[in-house]
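This report refers to the structure that appears directly beneath it.
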Amino acid sequence: MSRLSRRSCPPGAFFFLHLCAAWPVGVIGLALGSRLIKEGVSVQQSAAIIAASTLAFTLEFLWAPMVDSCLTRRRWFIGGAGAMCACLAALLLVPLDPKSVPLMTALAFASSSGAAVAAVAVKGIMAYDVPVAKLASASGFYTAGGTLAKALGGAGTLWLLTHDPGRISAVSLSLTTAALARRPSASSRSSFAMPSQIYGRLSARAKAG
Amino acid sequence: MIAVLCVIPFGAGTEAGLIGAIAREWAVTPDQLAGFSAVGAATSIAGAIAAGWLSMRIGAWKTYVLLGWLMIAAMIGFAFSPRTAAYFICIELLYRGLTAGCYAALLGIVMIAIGQGAAATKAASLWSLANFAVAYPTALEGAVHDHVGTGAMLLTDAALGVAGFGALLIAARLLAFRLSSPGTRASPRTV
């Protein structure tokens, strides 16, 4: 069987794959930025943390050759999303005060770098595993997933930071690990099971709390 | 040609980044603006998925050009619209949806064009270039806003879109490139 005939990734899978990869944009840009100002961190310092996050995505072209040259795109996605998850959880656990700004800047950069690697891997998966006729549709779902991630990640995290500061890191962690629990190569329709997993974990935590 | 496409300000949605600066002129309250952000995400998602659907039917290039011109029309209409919150929110929601749609169509064009050899590197490099299409028009439009006013800024956004489309046509003519629908790509896919 040729490589071409084995392409079977459904375009809708890219909604969820990019949802995971774009998550830190909203969390750092909106939620953390807003919360830091409230905690007395200056606008300049907050802007530096957000800029570090943006820089990681701008440098995406530096990480991309690694994704093409070694390992598989699936492993890069899992590795990138795992690094993003760990750094984002650490970032949300760090005390939100001016003294922690250098550490938060480093964690924001590391988290977004992981997300950028995952995003590069997703584009690679799209190029290889989606039939040409469905690439445009996959691009639409990819863009939509990123938009939702920014809105949901930002607004949701801000809400949790405001109402339930102690549990935000756990929720963020569970969201990402839930996304990682599925096989990201999207060679089957199993990727569509992700939202139900996320919902299930959140419900379990809500009941436990 | 694809690199040119990524840096021109056609369909870039620059104005969306300046919404906070001009909302007050349309008497939009902070609460309305906050609510708009949530609904704006929904229209963006709908716009992106609709653009993907449309691209599969008429082609990514035609979708991109169509949505880009609709954005230009929306900005011209916005510049001359009554200064009320309802007009602001309706036009901005439309603009958000069109912007997301244009991005989706542009990504579709890029992904079709790059083929499979070193696909992740080519896609990431071209997508990094797309940041320029937002950066310099934002700086220019911000300066126009401060010196001339909001109406001029919105018309500048529209004019940049027209100029960007002109640049695209010139590049296509110089490079003997045909703005056709799906399947137009730089090189055949290799496995």
Side-chain angles (χ1 to χ4, degrees), chain A residues 2-7 11-12 14-15 18-19 26 30 54 57-69 73 76-77 116-117 119-155, chain B residues 34 37-61 63-64 96-97 99-129 131 135 181-183 185 189-191:
Chain A
S2 73
R3 179 84 171 81
L4 285 170
S5 62
R6 275 190 280 132
R7 284 192 208 145
F14 290 92
F15 183 88
H18 196 214
L19 183 76
L30 176 65
T54 310
F57 284 102
T58 306
L59 296 177
E60 199 173 276
F61 66 93
L62 292 180
W63 329 128
M66 292 192 306
V67 177
D68 276 326
S69 58
R73 284 173 289 281
W76 277 114
F77 178 81
V117 167
V120 166
V122 172
K123 288 195 190 90
I125 291 169
M126 194 193 293
Y128 283 90
D129 291 340
V130 177
V132 177
K134 291 184 178 175
L135 270 174
S137 177
S139 300
F141 281 110
Y142 177 93
T143 308
T147 305
L148 181 65
K150 288 171 201 168
L152 199 63
Chain B
S37 298
V39 183
T43 55
S44 295
I45 290 166
I49 293 174
W53 177 84
L54 192 62
S55 296
M56 284 182 65
R57 272 140 193 87
I58 64 169
W61 274 105
T63 304
Y64 175 71
R96 291 281 173 112
T99 302
C102 251
Y103 267 89
L106 178 60
L107 181 63
I109 292 168
V110 169
M111 294 308 297
I112 290 167
I114 59 173
Q116 284 191 335
T121 303
K122 284 190 276 188
S125 303
L126 288 169
W127 214 236
S128 294
L129 281 177
N131 287 328
S181 27
R185 64 172 79 133
R189 278 171 179 258
T190 53
V191 179

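Since this is a predicted model, take the numbers as computed values, not measurements. Residue numbering restarts at 1 for every chain, and letters A, B, ... go by the order of the sequence lines.
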Task: Counterpart residues, side chain to side chain contact (heavy atoms under 4.5 Å, CB included), relative to B:Ala120 (two or more places apart) - done: A:Val67, A:Asp68, A:Val120

Task: Options B:Ala118, B:Ser44, B:Ala41, ranked by heavy-atom pairs under 4.5 Å with chain A, top entry - done: B:Ala118

Open item on the list: Which heavy atom of A:Ser139 sits nearest to which heavy atom of B:Ala104, and what is that distance?
Closed with: CB-O, 3.3 Å

Task: Exercise: identify the closest heavy-atom pair between B:Ala48 and A:Ala144 - done: CB-N, 3.8 Å

TODO: Measure the shortest side-chain to side-chain distance between B:Trp127 and A:Lys123 over non-hydrogen atoms and say whether it is less than 4.5 angstrom.
DONE: yes

TODO: Measure the spacing between CG of A:Leu135 and CD1 of B:Ile112 and express it to the nearest 0.5 Å.
DONE: 5.5 Å

Open item on the list: Could you measure the distance from the CZ atom of A:Phe61 to the OG1 atom of B:Thr121? Nearest 0.5 Å is fine.
Closed with: 11.5 Å

Open item on the list: Under a 4.5 Å cutoff for heavy-atom pairs, which residue among A:Ala138, A:Ser137, A:Gly124 has the most contacts with chain B?
Closed with: A:Ser137

TODO: Mind checking the CE-CG spacing from A:Met126 to B:Leu107? Nearest 0.5 Å is all I need.
DONE: 5.0 Å

